[in-house]
Amino acid sequence: MSKRPRLFYLDLVRTLALVCILIIHFNATVTGYFTLPHKLFTSTLPGGIYLGDFGSSLFFIVSGAALAYTAKEPFSAKAFYKRRAHAVYPMFWLAWCLCFSVRFVTQPGYYSAAKTPTLILTVLGLDNFAVAAGWVHTDFACVGEWFLGSILFLYLLFPLLYTGIRKNKWITWAVTLVLALALHFSGLDAQLIGVHLLEFLFGITVVGAKRPRLPVVVGAALVWPVLWAVSKVTALDAKLLCAVVSAAVFVVLSAWPKAASPAWLQRTCALAGKYSYAVFLVHHFIILQMVQKFDLAALTRKDTALLFGAYLVITAAASWGLYRLDVRVRAAAGRLFAR
C-alpha cells in the first residue's frame with residue numbers, strides 16, 4: 001500500500017497548535033506560573049479561552065484525524081499498536097535520558113523525593129500525566145507533559161473508535177458522548193481524558209468527509225463569537241467551550257486551500273508537522289533551564305522578547321538534533337537486530 005499524501009490543512013492545524021503550546025509554556029515560565037505580570041503574551045484568547053487548552057484541543061483533534069487518515073486497510077489493532085509504540089517511545093526515551101542527565105548534573109537532588117517504582121511510569125510515558133492526575137506527588141517526570149499520557153490512553157481506544165465510526169457513527173457518537181461527559185463531570189479523570197476523547201473522536205469522524213462548503217465554514221466561523229456572547233450572560237464549562245471552539249476552528253482551517261497558500265507557509269507547516277513531536281518533547285524543559293539564572297521580576301518587555309527568540313532558536317536546534325539522533329539510533333538498532 002502506497003503512503004498517503006500529506007494533507008496541508010492537518011499540518012496547518014498542527015502548526016497553530018504547536019505555536020499555542022510554545023507560547024503558553026514560555027509565558028507560564030517567565031511569569032513564574034502567572035504570579036508576575038505578562039510582558040509579551042497573555043494566557044487567554046478572545047472569549048476567555050485558555051491558550052494552552054486551545055492548543056491541546058487542536059492537537060487532540062488533529063491526532064485523531066491523522067490516525068484515521070493514515071490507518072492501513074485491512075485495519076489491524078495489533079499492527080496499529082505496534083506502529084504507535086514505535087512512533088512514540090524511542091524518541092521519548094531518548095529525550096528523557098538526555099534531559100534527565102542535564103537536570104541531574106545542573107540540579108543535584110531534584111529527584112531526591114521521587115520513589116524508584118515511579119520509574120515504571122516514566123518507561124510507559126505516563127509520568128507527567130500521573131502527576132497531573134494526582135496519582136503521585138513526585139516522580140521522575142522530565143519530558144512529555146500530561147498530554148502524552150492522555151493521548152496514549154486515546155491510542156488504546158482508537159481501534160474501537162475507528163471501527164465504530166466506520167460501522168455506525170451515530171451509535172458510536174451517542175455512546176462516547178454519554179461516557180465522556182459522565183467522566184468529565186464526575187471529575188474522576190481530573191479533566192485529562194473525557195473532553196479530549198470527544199475531540200479525538202471528532203478528528204476521526206471528519207477527516208474522511210468532503211471539504212466543507214461555504215455555509216458550513218461560515219457557520220463554524222461564527223461559533224466562537226456566539227459562544228463568547230453566551231458566556232457573558234451564563235456560565236459555560238471552560239473545557240467544553242474550548243472543545244467546541246477548537247472543533248469549529250478545525251473546520252474553518254480544513255477549508256483553507258493549499259493552492260492559495262504561499263510556498264513559505266506550506267514549507268513551514270510541513271516542517272512543523274515533521275518535527276512537532278520532537279519540539280513537544282523538549283521545548284518546556286528548555287525554557288525551564290533557560291530562566292534559572294534570570295530575575296524574572298526584573299525582565300523588561302524587550303528582555304522577554306529576546307528571551308523568546310532565543311528559546312525558539314534553541315528549541316528548533318534541539319528538536320532537529322533529537323530527530324536526527326532518533327533516526328540514527330533506529331537505524332543502528334535495525335542493523336544490530338538484523339544480524
Side-chain angles (χ1 to χ4, degrees), residues 6-28 41-70 144-155 158 161 180 184 191-209 211-212 216-217 220-225 227-228 237-256 258 261 265-266 268-281 283-284:
R6 296 185 72 92
L7 294 179
F8 169 67
Y9 78 86
L10 292 185
D11 281 337
L12 180 63
V13 174
R14 191 178 286 108
T15 301
L16 175 59
L18 191 60
V19 169
C20 291
I21 299 303
L22 284 169
I23 289 175
I24 196 62
H25 282 148
F26 174 84
N27 194 43
F41 303 106
T42 61
S43 298
T44 57
L45 294 165
I49 295 175
Y50 178 55
L51 183 63
D53 285 344
F54 179 65
S56 298
S57 292
L58 289 178
F59 264 129
F60 282 113
I61 294 172
V62 79
S63 295
L67 290 178
Y69 178 67
T70 57
E145 316 300 334
W146 62 268
F147 177 91
L148 183 59
S150 294
I151 202 68
L152 286 171
F153 279 116
L154 297 181
Y155 286 165
F158 178 79
L161 297 172
H184 173 66
Q191 296 192 332
L192 298 175
I193 297 291
V195 173
H196 302 314
L197 172 58
L198 298 177
E199 294 162 348
F200 190 68
L201 183 60
F202 177 78
I204 294 172
T205 305
V206 301
V207 72
R211 183 181 295 273
V216 175
V217 175
L222 292 174
V223 165
W224 198 333
L227 288 179
W228 174 79
D237 185 279
K239 287 284 187 179
L240 290 174
L241 172 63
C242 183
V244 173
V245 168
S246 300
V249 170
F250 183 88
V251 170
V252 172
L253 294 181
S254 70
W256 188 303
K258 180 179 180 180
S261 304
L265 179 61
Q266 295 182 39
T268 299
C269 291
L271 283 173
K274 179 178 180 179
Y275 294 105
S276 60
Y277 184 46
V279 173
F280 161 74
L281 288 175
H283 77 283
H284 202 180

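- In this structure, CD1 on Ile49 lies 12.0 Å from NZ on Lys239, to the nearest 0.5 angstrom.
- Put simply, the side chain of Trp224 never gets that close to the backbone of Val249: no donor and acceptor are under 3.5 Å apart.
- Separation of atoms CH2 (Trp228) and CG (Leu45) is listed at 14.0 Å; rounding is to 0.5 Å.
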Could you please spell out the steps behind the side chain to side chain contact (heavy atoms under 4.5 Å, CB included) verdict for Val195 and Leu240?
CA-CA 7 Å; Val195 173; Leu240 290 174; 3.7 Å; yes
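- Among pairs with a residue in residues 7-24, those fulfilling salt bridge (charged side-chain N to carboxylate O under 4.0 Å, His left out) read Arg6-Asp11, Asp11-Arg14, at least two apart in sequence or across chains.
- The heavy-atom pair separating Ala248 from Val223 by the smallest distance is CB-CB, 3.7 Å.
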Can Cys242 and Tyr50 be said to form a side chain to side chain contact (heavy atoms under 4.5 Å, CB included), step by step?
CA-CA 8 Å; Cys242 183; Tyr50 178 55; over 6 Å; no
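- Only one option out of Tyr69, Trp256, Phe250 pairs with Tyr9 in a ring pair (Phe, Tyr, Trp, His ring centres under 6.0 Å); it is Phe250.
- Annotation: the span from Leu201 atom CG to Leu161 atom CG amounts to 5.5 Å, rounded to 0.5 Å.
- When all heavy atoms are compared, the tightest approach of Ala17 to Gly55 is CB-O, 3.4 Å.
- No side-chain donor-acceptor contact under 3.5 Å links Ser261 and Gln266.
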Report the C-alpha separation of Phe202 and Phe60 in whole Å, then their side-chain angles, then the decisive distance to 0.1 Å, and conclude whether the ring-ring contact (aromatic ring centres under 6.0 Å, His included) test is met.
CA-CA 9 Å; Phe202 177 78; Phe60 282 113; over 10 Å; no
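- Between the CZ atom in Phe153 and the CG atom in Leu197 there is a gap of 12.5 Å [rounded to 0.5 Å].
- His184 has its side chain out of reach of Leu198: every pair of non-hydrogen atoms, C-beta onward, lies at least 4.5 Å apart.
- With rounding to the nearest 0.5 Å, the separation of CG in Leu18 from SG in Cys269 is 10.5 Å.
- The two residues Ala220 and Val252 come nearest to each other via the heavy atoms CB-CG2, 3.8 Å.
- In terms of heavy atoms, Thr15 sits closest to Ala272 at OG1-CB, 3.3 Å.
- Contact record, Ala65 with Val207: O-CG2, 3.5 Å, taken as the closest heavy-atom pair.
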Dump the intermediate steps for side chain to side chain contact (heavy atoms under 4.5 Å, CB included) on Phe200 and Ile151, then the final yes or no.
CA-CA 9 Å; Phe200 190 68; Ile151 202 68; 4.2 Å; yes
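- Across Thr42 and Asn27, no two heavy atoms sit closer than the pair C-ND2, 3.8 Å.
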Evaluate the side chain to side chain contact (heavy atoms under 4.5 Å, CB included) criterion for residues Ile21 and Glu145: first the C-alpha distance (whole Å), next the side-chain angles of each, then the deciding distance (0.1 Å), finally the verdict.
CA-CA 11 Å; Ile21 299 303; Glu145 316 300 334; over 6 Å; no
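- The CD1 atom of Ile61 lies 11.5 Å from the CG atom of Leu10; values are rounded to the nearest 0.5 Å.
- Of the possible donor and acceptor atoms, none in the side chain of Ser56 sits under 3.5 Å from a partner among the backbone N and O of Asp53.
- The aromatic ring centroids of Phe280 and Phe59 lie 6.0 Å or more from each other.
- Contact of the Val251 side chain with the Val206 side chain is not registered, since no non-hydrogen atoms from C-beta on lie closer than 4.5 Å.
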